[in-house]
Amino acid sequence: MSMSQTGHSTVDQSDDVPYRYTSEMAAEIEQRWQDHWEAEGTFHTPNPVGELADSSGEAGARKKYFLMDMFPYPSGAGLHVGHPLGYIATDATGRFRRMCGDNVLHALAYDAFGLPAEQYAVQTGQHPRKTTEENISNMKRQLRRLGLAHDPRRTFATIDPEYVRWTQWIFLRIFDSWYDPEADGGRGRARPITELVTRFESSERATPDGRPWAALDAVERRRIIDDHRLAYVSESPVNWCPGLGTVLANEEVTAEGRSERGNFPVFKRRLRQWMMRITAYADRLVDDLDRIDWPEKVKAMQRNWIGRSEGAAIRFATDVGELEVFTTRPDTLFGATFMVLAPEHPLVEALTTEAWPEGTRDAWTAGHTSPTEAVAQYRATAAAKTDIERQTEGRDKTGVFTGSFATNPATGARIPVFIADYVLMGYGTGAIMAVPGQDERDWEFAERFDLPIVRTVQPPADFDGKAYVGAGPAINSANDDISLDGMDVEPAKHAMISWLEEQGSGSGTVTYRLRDWLFSRQRYWGEPFPIVYDEHDLPIAIPARLLPVELPDVPDYSPKTYEPDAADTEPEPPLARVPEWVEVELDLGDGPKRYRRDTNTMPNWAGSCWYHLRYLDPFNDQQVVDPELERYWMGPQPDRQPNDPGGVDLYVGGVEHAVLHLLYARFWHKVLYDLDYVSSEEPYYRLFNQGYIQAYAYTDSRGQYVPAEEVEESVDGAETTYTYNNQPVRREYGKMGKSLKNVVTPDDMYAAYGADTFRVYEMSMGPLDVSRPWETRAVVGSLRFLQRLWRNVVDEHTGEVVVDDDDADITTKRVLHRTIDAVRTDMNGLRFNTAISRLIELNNHLTKLDRVPREAAEALVTMVAPVAPHIAEELWSRLGHGGSVAHVTFPEPDPALLVDETVTCVVQVGGKVRDRLEVPPSASDAELEELALASAAVQRALDGRAVRKVIVRAPKLVNIVPA
RNA sequence: GCCCCCGUAGCCCAAUCGGCAGAGGCGCCGGACUUAAAAUCCGUCCAGUGUGGGUUCGAGUCCCACCGGGGGCACCA
């Protein structure tokens, strides 16, 4: 294959520069090299073993680098210029690591199940598989033109039957597991469910009702086992979204109680659904955040979502039994002057008395003649409120007295029990001990309902607020048995917990905000559950040999949706409408029998929970991933840190998945680790959140968006005005999108500038993690850079290579090696913007020379290669090299050339620069001080004043402090 | 309301440990080339770092308060 010279059919407007690097020439070069890479398999990444091992078989000995993008969801709208930002960054990083000698694994798969794909299909009246596949091929086309160095053999889509098979297989491993909380020294570990059966059989573990295992019939046993599975069916309150026709996970519901997708109202309904026991992993999910290299912001969001809080469970005696509360402040128990239950609390009915007891204050009754009436009324009102209403109605404390009292175990006082909607059934035990002295909400409630307030922490003398939640010594906290008085908060908590444990009225405990993951959806376009039900209506796993369970073709795959606020409707899965698929005859070991399939599908998060493993071993049909491959690519790296959890070396994506995909994927990965399918404890070791590319949009006087491309800007002094068709328009800033008429696509950029220019521009706009506005007119700067680079190597008029084979001059050598050093550092830190500015600097330096030395030109070309790979290949080839620049070693700096012969030493007087000295880098403090004091400018500045002090930071600075 | 991040030139952005505010790009202006324009090339201009305090010999960088922008959480006991 001849890659060099000639063959340019490029039409250029100006005949005198036929070999100028224009967008036309870029297009020709780029597509030619893309074809070459594909044909040659330039970016095929060898595995150490197996089908994808190379002939040398030496890959396993090489250092590896596994990097990933959050894979795309192929929408019908195609890409805009914001989408490739992360892909370009990972591509440049991968190319850089490869040139540094690493075995780089980088590929791109497609996340293709899910609601938007299904909705797009419904809109266009086509099968989701068809539209999804079309969207994928369009996206592939757009991305191929970008020149990404992916291993094309390792691509796949989550909808591929071969992929679905293993998604379902992992689901069944989770289904076939339980969590043994005592394993691994109390940290807990998922174990095969058969081990649980063995423990019941051997009576090592007691059955829930105490009967011996042998005394239970088969169905009873199955029910017990099913209750312990990590994937289980439960009838519990779930998020029902009539507008979408499906239930949703907590993570998919916004704080306003609406669906994250579509923004429809969501209602709590008790429904039978699949759940994943992610709560079993709450501690490990929190603790292991300390072992991975993620942005603190994302770690904080996960910690917050999991919401671990340590405290105590305390039992208060009442006439109808014990009432348990959770508190993080057991030290304030002496200040608990009343109790509050969520209106939905199961004990409310029993606690509600017929008549108001003696001493009931007016405020407690809400004007009702009896607690029964007051409670009934309050509960009805609370039940009718949606979450949104609770939200918008502010935080005025409401509630009523139940007529009952509880006994404070510390003070022995009888304290009134209220119900109020500021206590939530979904957290803790749904009941609190109210300590108004140390809790703002309780203080408000106490004020409103005329309840006693006892401070049990001494606020500072200057504290003039109400509830005091800060640190301080305990007060008013003693009985005959125990005194906390004088103790700080932490020791007081411990003392109280010990005392409660001795008394048998409480214990230290931990609660979490995290709930189990609701895993079933009533939609068509997702993985079917590999589950059937028998005559007892209990779930049975479909054997691995029968996987994948494929989606049936259905006449109508659109889900049954309802009016968004039709809360009392029922989900109706599309798969339930295909009786011939639902009813199935199978031989599961005891002869052919009729079964009923599960008609739910998995949420689209399922596919993204394990795709990192499929990149490693994309064709494996025997196991989810070859353990040897997983160990090589993802295994723990003890040289990185002690107790390293392993995982993908670099994972780049937006921050929007902080608690959805990233939490779910960590959970699945830990289950697979517990069951010994993987050696890594975390899926993604280093996470980087890229920023977003946003864009300006313009509205006219009617508020309508006008095409941003055609808006003209004019600057008049300090005034900047924008006009469209000579009419003034108003500028806004936001996302790029059709409705805002401000979309710029990669295709536009390829046509106008070429992929390399586009890549350079995106990488040079600013730091990767910062969002910034797109500015098409600024792209030309990147084209000019590549044009100058081209001109430094190739004569624009003749096409001849013009580099000079003699050694570079010393200045050029210094500039070159400083650039190499800086670019390496910047690339390692994903600081492409500064790396590129260094390359431009070097390039500009070379431009000023009469002839460009070959050593500088070649180093520059190789350093440009990660960001602008096509032009680099072309120039590398024209410089006379065979093979791809992608595998050339990245230049190394010569340390001798990094130190200057002289440095400028700044001389300050009183912090102001007064002189500059050219000194050798080795100049000593004493020499510098002497030189500085001898300076005429310094003496002038001192103006006769004595010198109080001289600060020397050799060799760069001397500061003379006058008296 | 609480927590986190960010404010440097007309614009996008640089500035190791606190040590000369400017690397790179866009734009503007001037010049070269051109019949002209575009493209290209060369050159120039532009801020004292959101505001107010503090620490320091010295602050864009550290501390405090406030203002502006972005994000997260939000009655979680």
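Residue numbers start from 1 in every chain, and the chains themselves are labelled A, B, ... in the order their sequence lines are given, proteins ahead of strands.
- Residues meeting the ring pair (Phe, Tyr, Trp, His ring centres under 6.0 Å) test with A/Tyr696, sequence neighbours left out: A/Tyr733.
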Without placing hydrogens or testing angles, list every side-chain donor-acceptor pair under 3.5 Å for residues 953-963 of chain A, not counting sequence neighbours.
| residue | atom | partner | partner atom | Å |
| --- | --- | --- | --- | --- |
| A/Asn959 | OD1 | A/Gly911 | N | 3.1 |

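- The base of B/rC20 sits with one of its N or O atoms less than 3.5 Å from a complementary donor or acceptor on the side chain of A/Arg916.
- Pairing partner, B/rC46: none, since no Watson-Crick or wobble contact has both distances short of 3.5 Å.
- Rounded to an integer number of Å, the gap from A/Ile693 CD1 to B/rC13 C1' is 14 Å.
- Ranking B/rA23, B/rA74, B/rC12 by closeness to the A/Pro773 side chain, first place goes to B/rC12.
- Look at the P atom in both B/rC4 and B/rC64: the space between them is 10 Å, to the nearest Å.
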Any protein N or O atoms within reach of nucleotides 55-61 of chain B? Criterion: under 3.5 Å, listing atom names and distances.
| residue | atom | partner | partner atom | Å |
| --- | --- | --- | --- | --- |
| B/rC57 | O2 | A/Asn959 | ND2 | 2.1 |

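- Where A/Gly766 and A/Lys848 meet RNA chain B, the nucleotide closest to each residue was compared, and A/Gly766 sits on the side nearer the 5' end.
- Using a 4.0 Å heavy-atom criterion, one finds that A/Thr825 contacts no nucleic acid atom at all.
- A/Pro767 comes within 4.0 angstrom of the backbone, heavy atoms only, and of no base.
- Between the OH atom of A/Tyr21 and the P atom of B/rC41 there is a distance of 14 Å, given to the nearest Å.
- Within 4.0 Å of A/Asn833, counting heavy atoms only, lie sugar-phosphate atoms of the nucleic acid but no base atom.
- The interatomic distance linking A/Leu662 (CG) with B/rG72 (C1') rounds to 15 Å, in whole Å.
- In this model, the phosphate group of B/rG25 is approached by a side-chain N or O of A/Arg788 to a distance below 4.0 Å at OP1 or OP2.
- B/rC57 is paired with B/rG19 under the criterion used here, namely a Watson-Crick or G-U wobble arrangement in which both key atom distances are under 3.5 Å.
- Summarising the geometry, the separation between CG on A/Leu663 and C1' on B/rG72 is reported as 16 Å, rounded to the nearest angstrom.
- The local environment of CZ in A/Arg730 is sparse, with at most 12 non-hydrogen atoms from other residues, nucleotides or ligands closer than 6.0 Å.
- With a cut-off of 3.5 Å on both pairing distances, B/rA74 has no Watson-Crick or G-U wobble partner at all.
- In this structure, A/Ile306 places its CD1 atom 15 Å from C1' of B/rG72, rounding to the nearest Å.
- With sequence neighbours excluded, the residues satisfying side-chain contact (heavy atoms from CB on, under 4.5 Å) with A/Met425 are A/Ala342, A/Glu344, A/His345, A/Pro346.
- Proximity note for A/Ser837 (side chain, C-beta onward) versus B/rC12, B/rG24, B/rA77: the nearest is B/rG24.
- A/Asp756 pairs in a side-chain contact (heavy atoms from CB on, under 4.5 Å) with only one of the listed residues (A/Leu783, A/Leu786, A/Val864), which is A/Leu786.
- Using a 90° window around 0 for the glycosidic torsion, B/rC17 falls inside it and is classed as syn.
- Distances shown here put every side-chain N or O of A/Arg20 at or beyond 4.0 Å from the OP1 or OP2 atom of B/rC41.
- Between A/Asp290 and A/Arg303 there is a salt bridge, since a side-chain N of the basic residue sits under 4.0 Å from a carboxylate O of the acidic one.
- Under the Watson-Crick and G-U wobble criteria, each requiring two contacts below 3.5 Å, nucleotide B/rA65 is paired to B/rU51.
- At a threshold of 4.0 angstrom between heavy atoms, the contacts of A/Arg791 are confined to the sugar-phosphate backbone, with no base atom among them.
- One finds the CG atom of A/Asp331 at 8.0 Å from the CD atom of A/Glu490 (value rounded to the nearest 0.5 Å).
- Note on A/Glu447 versus A/Lys466: salt bridge recorded, some NZ/NE/NH1/NH2 to OD/OE distance being below 4.0 Å.
- For B/rG7 and B/rC12, the C1' atoms lie 14 Å apart once the distance is rounded to whole Å.
- Cation-pi check for A/Arg20 over A/Trp790 is not met; the charged atom does not lie both under 6.0 angstrom from the ring centroid and within 45 degrees of its normal.
- The C1' atoms of B/rC17 and B/rC13 are separated by 24 Å, rounded to the nearest whole Å.
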Please list, for nucleotides 27-34 of chain B, all pairs of protein and nucleotide N/O atoms separated by less than 3.5 Å.
none

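- Nearest to the side chain of A/Val906, among B/rC75, B/rC20, B/rG24, sits B/rC20.
- In this structure, the NZ atom of A/Lys735 is 13 Å from the C1' atom of B/rG70, given to the nearest Å.
- Contact check, A/Ser764 against B/rC13: no side-chain N or O comes under 4.0 Å of OP1 or OP2.
- An anti orientation is assigned to B/rG30, its glycosidic angle lying beyond 90° of 0.
- Atom-to-atom, CD of A/Gln694 to P of B/rC12 comes out at 13 Å; the value is rounded to the nearest Å.
- Separation of the C1' atoms belonging to B/rU49 and B/rA37 is 41 Å when rounded to the nearest angstrom.
- No engagement by A/Val655 is indicated, since no non-hydrogen atom pair under 4.0 Å with the nucleic acid exists.
- Here, B/rG30 and B/rU44 have their C1' atoms 7 Å apart, quoted to the whole Å.
- Remark: P of B/rC75 and CG of A/Asn304 are 12 Å apart, rounded to the nearest angstrom.
- When the side-chain nitrogen and oxygen atoms of A/Asn844 are compared with OP1 and OP2 of B/rG24, none of them lie within a distance under 4.0 Å.
- Annotation: side-chain contact (heavy atoms from CB on, under 4.5 Å) contacts of A/Val298 (sequence neighbours excluded): A/Trp294, A/Pro295, A/Val655, A/Ala658, A/Leu662, A/Leu687, A/Asn689.
- Nucleic acid contact class of A/Thr511 (heavy atoms, under 4.0 Å, all strands): none.
- Contact of A/Lys956 with B/rC20 (side chain to base): no donor-acceptor pair of N or O atoms is detected under 3.5 Å.
- Separating the P atom of B/rC45 from that of B/rU61 is a span of 28 Å, rounded to the nearest Å.
- Each of A/Gly426 and A/Tyr696 has a nearest nucleotide on RNA chain B; the 5'-most of these lies closest to A/Tyr696.
- Within 6.0 Å of the NZ atom in A/Lys299, the count of heavy atoms belonging to other residues, nucleotides or ligands exceeds 12.
- Below 30°, between 30° and 60°, or above 60°: for A/Tyr422 and A/Phe445 the angle between ring planes is between 30° and 60°, a tilted geometry.
- A distance of about 37 Å separates the P atoms of B/rA39 and B/rA21, rounded to the whole Å.
- Side chain to side chain, A/Asn742 and A/Tyr698 fail the donor-acceptor criterion of an N or O pair below 3.5 Å.
- Nucleotides B/rC63 and B/rG18, compared at atom C1', are 13 Å apart to the nearest Å.
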